[in-house]
Amino acid sequence: MLARRGISVLGDFAVSEVDGPKRVLRSFDGRETNYDLLVTVPVHGGSDSIARSGLGDASGWLPVDKHTLQSPRFANVFALGDATNLPASKAGAVAHFQSEVLLDNVLRFLGDRPLAPAFDGHANCFIETGYGKAMLIDFNYETEPLPGRFPLPGIGPFALLEESATNHWGKLAFKWVYWNLLLEGKELPLDHRMLLAGKWS
Ligand SMILES: Cc1cc2nc3c(=O)[nH]c(=O)nc-3n(C[C@H](O)[C@H](O)[C@H](O)COP(=O)(O)OP(=O)(O)OC[C@H]3O[C@@H](n4cnc5c(N)ncnc54)[C@H](O)[C@@H]3O)c2cc1C
C-alpha cells in the first residue's frame, strides 16, 4: 500500500539533528533524509507520579504480569492501560480488553482464588487509508496481524489487513458504539481474546 503511494519507510531512524534551513534530518547512525513537512513524535516514557510512588520501573512504567495484570512486587496492585510496562499496544481497545481480565482477577484475588492468566495482548484498530477506505488490524502478543474477516469468522463484514470502504464505515460507526455502548459500560458480544478462526497466514 505504501509502495503504491510512493511512500518509503526508513526504520529505526533515531533523530540526532534537525537542520531546519536545509530541511534535513540526521540520525545517530549517520543517515540523513530531507523533508517537506516534519511531524515528530518525542521519545515517550511512563508517568512521573508512578516513578515517584515507588510502584514503577526506572522509566516510570508500572510493571505487571503480562497475562494476569498483577504487580509482581505488590500482590494487591493491578494495572492496565498506558501506565503499564506491558509489551502490548498502548491503545484504548487494549485497555478495554484488559479491563475484563483485570476485573475478573481483582475479584479472584479478593476471593482467595487463583488468578486467570487471561490477557493475551489482544489489540485491534481501524487505520484510515484515505479515499473513503480504511484497514483493520487484529493481533496479540504471539500473532502478527493476519488477513481474514472480523468480527464474524468468514463473514466479516470487516476485512483484516485490507483496505475497504466497509472498514471506513465501520470506523465511523464505531464512534456511536464508543459513546453509546462502551462509555455506558454496556457489554459488547465480543470476546476480549484474539480469535484465530476466519484468519489465514
Ligand atoms: C491522539 C491520540 C489518538 C488515539 N487514538 C486511538 C485510537 O484510535 N484507538 C485506540 O484504541 N486508542 C487510541 N489512542 C490511545 C488511547 O487513547 C489510550 O491508549 C487510552 O486512553 C489509555 O487509557 P488509560 O486509561 O490507560 O489512560 P488515559 O486515558 O490516559 O487515562 C489516564 C487518566 O489518569 C489521569 N491522571 C494522570 N496522572 C494522574 C495523577 N497523578 N493523579 C490523578 N489522575 C491522573 C489522566 O488525567 C487521565 O484522565 C489514542 C491516543 C492519542 C493520544
Side-chain angles (χ1 to χ4, degrees), residues 1 37-74 76-106 118-141 143-146 148 150-151 157-195:
M1 192 188 81
L37 172 68
L38 176 62
V39 180
T40 59
V41 179
V43 175
H44 68 299
S47 141
D48 286 343
S49 55
I50 297 282
R52 283 198 307 272
S53 72
L55 291 171
D57 61 18
S59 306
W61 305 114
L62 206 160
V64 286
D65 180 274
K66 65 192 266 199
H67 297 298
T68 64
L69 310 180
Q70 182 186 40
S71 160
R73 287 178 57 209
F74 305 97
N76 60 346
V77 172
F78 292 78
L80 54 70
D82 287 7
T84 68
N85 73 337
L86 293 175
S89 296
K90 302 231 180 284
V94 176
H96 178 86
F97 295 141
Q98 290 170 339
S99 69
E100 297 186 22
V101 176
L102 185 137
L103 171 64
D104 182 42
N105 276 338
V106 168
F119 181 60
D120 64 355
H122 189 199
N124 53 29
C125 79
F126 290 105
I127 302 171
E128 287 290 346
T129 53
Y131 307 106
K133 291 185 177 174
M135 278 216 198
L136 178 63
I137 54 173
D138 190 59
F139 55 99
N140 69 12
Y141 286 141
T143 312
E144 295 281 331
L146 293 174
F150 184 90
F158 303 120
L160 293 166
L161 268 190
E162 225 178 83
E163 289 180 273
S164 82
T166 309
N167 288 348
H168 169 67
W169 288 108
K171 165 73 183 174
L172 297 184
F174 185 72
K175 187 173 171 181
W176 184 90
V177 172
Y178 178 79
W179 288 105
N180 295 285
L181 301 181
L182 293 185
L183 287 195
E184 300 229 332
K186 293 185 178 140
E187 292 278 335
L188 289 190
L190 293 175
D191 198 285
H192 63 81
R193 289 163 299 189
M194 179 182 179
L195 292 181

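Whatever order the structure lists them in is the order used to number ligands and atoms, beginning at 1.
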Is there a polar contact, in the sense of an N or O pair closer than 3.5 Å, between [X] and ligand 1?
| X | result |
| --- | --- |
| A91 | yes |
| A93 | yes |
| A95 | no |

Measure from [atom] to the protein's non-hydrogen atoms and state whether any distance is below 4.0 Å.
| atom | result |
| --- | --- |
| atom 19 (O) of ligand 1 | yes |
| atom 4 (C) of ligand 1 | no |
| atom 32 (C) of ligand 1 | no |
| atom 11 (O) of ligand 1 | yes |
| atom 25 (O) of ligand 1 | no |
| atom 47 (O) of ligand 1 | no |

Atoms of ligand 1 close to G81 [distance to a heavy atom under 4.0 angstrom, numbered from 1]: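 In order of number, 26 (O).
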Where ligand 1 meets K90 - atom numbers and elements under 4.0 angstrom, heavy-atom basis: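 Near K90, the atoms of ligand 1 are 15 (C), 19 (O).
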Would the distance check show the side chain of [X] and the main-chain N or O of [Y] forming a donor-acceptor pair, the cut-off being under 3.5 Å?
| X | Y | result |
| --- | --- | --- |
| Q98 | G81 | yes |
| H168 | A134 | no |
| K90 | T84 | yes |
| D57 | P63 | no |

What residue and atom, counting heavy atoms only, is the protein's closest point to [atom], and at what distance?
| atom | value |
| --- | --- |
| atom 41 (N) of ligand 1 | S49 OG, 3.5 Å |
| atom 17 (O) of ligand 1 | G92 N, 4.7 Å |
| atom 21 (O) of ligand 1 | D82 OD2, 4.7 Å |
| atom 8 (O) of ligand 1 | K171 NZ, 4.0 Å |

Side chain to side chain, T143 and M194, heavy atoms closer than 4.5 Å: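 Yes, at least one pair of side-chain atoms sits under 4.5 Å.
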Would you mind reporting whether W176 and L181 have side-chain heavy atoms less than 4.5 Å apart?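 They are in side-chain contact.
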When you measure from the centre of the six-membered ring of W179, is the NZ or CZ of K186 closer than 6.0 Å and no more than 45° off the axis?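 That pair does not qualify as a cation-pi contact.
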Distance to the ring centre below 6.0 angstrom and angle to the axis at most 45 degrees; does that hold for K66 and F119?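 No - K66 does not lie over the ring of F119 by the 6.0 Å and 45° rule.
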Over 60° means perpendicular and under 30° means parallel, so classify the ring planes of H122 and F97, tilted if in between.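 Correct class here is parallel.
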What do you reckon, is CD of E184 surrounded by more than 12 foreign heavy atoms closer than 6.0 Å?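 Above 12, so yes.
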